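Presented below is the structure to which this report refers.
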Amino acid sequence: MDKTKAAGHGKAENVGLSSDGKRVIIIDQTRLPSKKVLLELGTPGEMYDAILGLKVRGAPAIGIFAACSMYCLAQQIGTEKMESFIEELETYGDYLNSSRPTAVNLSWAISRMLRTARLHEQKGRGKVLAALGRECRIIQEEDVAMCRAISEYGLTLIQEGDGILTHCNAGPLATSRYGTALGPLMLGAERGMKFKVYADETRPLLQGARLTSYELLQAGIDVTLICDNMAAAVMKNGWVQACFVGCDRVAANGDTANKIGTSGVAVLANYYGIPFYVLGPSSTIDLDCHAGDEIEIELREEDEIKKKYYKQPMAPDGVKCYNPAFDVTDHSLITGIVTEKGILKAPYEEQIRKIFNQKEIRR
Ligand code: MRU
């Protein structure tokens, strides 16, 4: 299928429901940029594989996808006995949640759907299903609003003509619309502003090359693709005025997990005196995680380094590979965390506590 509008609740978004509400529809991100293919997923296995295989990816998009999946799976639970219904839904939630560990939006969305189911449990199956359908729509709509607000705040940090370096993909494909790290650039472009964006290709899975440069080109934004190891050179040339990156899990002290290579960009930015901003919705902040060393980092197959995207293997057969999908940027390297609630500055723990109205954060 070569359509762009099927996903979303009647809108052009990356994740949505089929018209009968029984299957989740996504744009298969692994086929971009050469083909825009829509997938309709109805079984738990298909949903799990879509997350693990990065057909749907980016923390907010994974959360929205998980919420829609929970709704679809709930409809497949036949029993009217609500205790068994909730138990089965929890089992589906645990299964989906085990697909990838780092992005907190996955467990966040699943917990939210389970909470909704429990809240309406007494009213019977029909009412629970209706509430779940509403909740996944709300999660998606909230994400659109959060990305829009993040984009507005982010835009205040840059000037017309600035060079912005970004890593991985935190654009519309990774969210509902607008994106987080790319949001201010998309919004600025809508308003006629011009920027020069440097997109790291993002080894080993090339989200920067395949997705970020594709999205920016489509939006008419001046984008230059660079290999990850060229970031220092463009910074040294004076071409970068700010770094904008997304996030998969932000600890309560501001330490931030994002795509592998992000912390290297932060170290370089720090060295060259370039502001380094993390942009993400408050749903990516994990108050249960005090510091970055508590964040579980996903380890992926070594063939992604050795073979993927090459016609023939690019490394000798027996060589060992280490392939963490994410790294943690120390909060001391982060100039600001841009959320829908405003731009947080150090001391992060205090500011994060404030936006969540918490007196104290658990240690
Ligand atoms: O492995 P991925 O492609 O899911 O990693 C995605 C990232 O690291 C993004 O920067 C992050 O999820 C933020 S998306 C708005």
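First listed ligand is number 1; within each ligand, the first listed atom is number 1. All values derive from a computational prediction rather than experimental measurement. Values below: all heavy atoms of this structure, side chains included; hydrogens, waters and symmetry mates excluded. This chain uses plain numbering: 1 for the first residue, then up along the sequence.
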With a 4.0 Å cut-off on heavy atoms, does Cys168 reach ligand 1? yes
Residues Glu141 and Arg148 bridged, charged N to O under 4.0 Å: no
I need the contact type for Ala61 against ligand 1. Using non-hydrogen atoms and a strict under-4.0 Å cut-off, is it side chain, backbone, both or neither? neither
Charged N to carboxylate O below 4.0 Å: is that the case for Lys55 and Asp28? no
Would you say that Cys168 contacts Arg57 through its side chain, given a criterion of any heavy-atom pair below 4.5 Å between the two side chains? yes
Asp248: numbered ligand 1 atoms lying under 4.0 Å from its heavy atoms: 6 (C), 7 (C), 8 (O), 9 (C), 11 (C), 12 (O)
Give the numbers and elements of all ligand 1 atoms closer than 4.0 Å to a heavy atom of Arg100. 1 (O), 2 (P), 4 (O)
Provide, to 0.1 Å, the distance between atom 6 (C) of ligand 1 and the closest protein heavy atom, together with that atom's residue and name. Arg57 NH2, 3.5 Å
Which ligand 1 atoms does Gln207 reach within 4.0 Å, using its non-hydrogen atoms? 1 (O), 2 (P), 3 (O)
Can you list the atoms of ligand 1 that are under 4.0 Å from a heavy atom of Asn258? 7 (C), 8 (O), 9 (C), 10 (O), 11 (C)
Between Lys259 and Phe326, is NZ or CZ placed under 6.0 angstrom from the six-membered ring centre and within 45° of the ring axis? yes
Would you say Ala325 touches ligand 1, if touching means a heavy atom closer than 4.0 Å? no
Name the orientation class of the two ring planes belonging to Tyr95 and Tyr48 (parallel below 30°, tilted from 30 to 60°, perpendicular beyond 60°). parallel
Without swapping roles, check the side chain of Asp327 against the backbone of Ser263 for a donor-acceptor pair under 3.5 Å. yes
May I ask you to check if ligand 1 and Ala59 share an N or O to N or O distance below 3.5 Å? yes
Sorted by chain and residue number, the side chain to side chain donor-acceptor pair (under 3.5 Å) partners of Gln351 (sequence neighbours excluded) come out as none
Using heavy atoms and a threshold below 4.0 Å, how should the contact between Thr175 and ligand 1 be classified: side chain, backbone, both, or neither? side chain
Within ligand 1, which atoms have a heavy atom of Thr180 less than 4.0 Å away? 15 (C)
For Glu83, look at atom CD and say whether over 12 heavy atoms of other residues, nucleotides or ligands are found less than 6.0 Å away. no
Please confirm whether His167 approaches ligand 1 to less than 4.0 Å, judged on its heavy atoms. no
How close does the nearest protein non-hydrogen atom get to atom 14 (S) of ligand 1, and which residue and atom is it? Ala174 CB, 3.5 Å
Show me the donor-acceptor pairs within less than 3.5 Å that the side chains of residues 225-235 make with the rest of the protein, sequence neighbours left out.
{"residue": "Asp228", "atom": "OD1", "partner": "Glu201", "partner atom": "N", "Å": "3.3"}
{"residue": "Asp228", "atom": "OD1", "partner": "Thr202", "partner atom": "N", "Å": "2.7"}
{"residue": "Asp228", "atom": "OD2", "partner": "Arg203", "partner atom": "N", "Å": "2.8"}

Of all the non-hydrogen atoms in the protein, which one sits nearest to atom 5 (O) of ligand 1, and at what distance? Lys259 CE, 3.3 Å
Please could you name the atoms of ligand 1 that Ala170 approaches to less than 4.0 Å, counting only its heavy atoms? 14 (S), 15 (C)
Whether Leu205 lies under 4.0 Å from ligand 1, heavy atom: no
Using modelled atom types and a 3.5 Å cut-off, is there a donor and acceptor pairing between side-chain atoms of Gln75 and backbone atoms of Gly21? yes
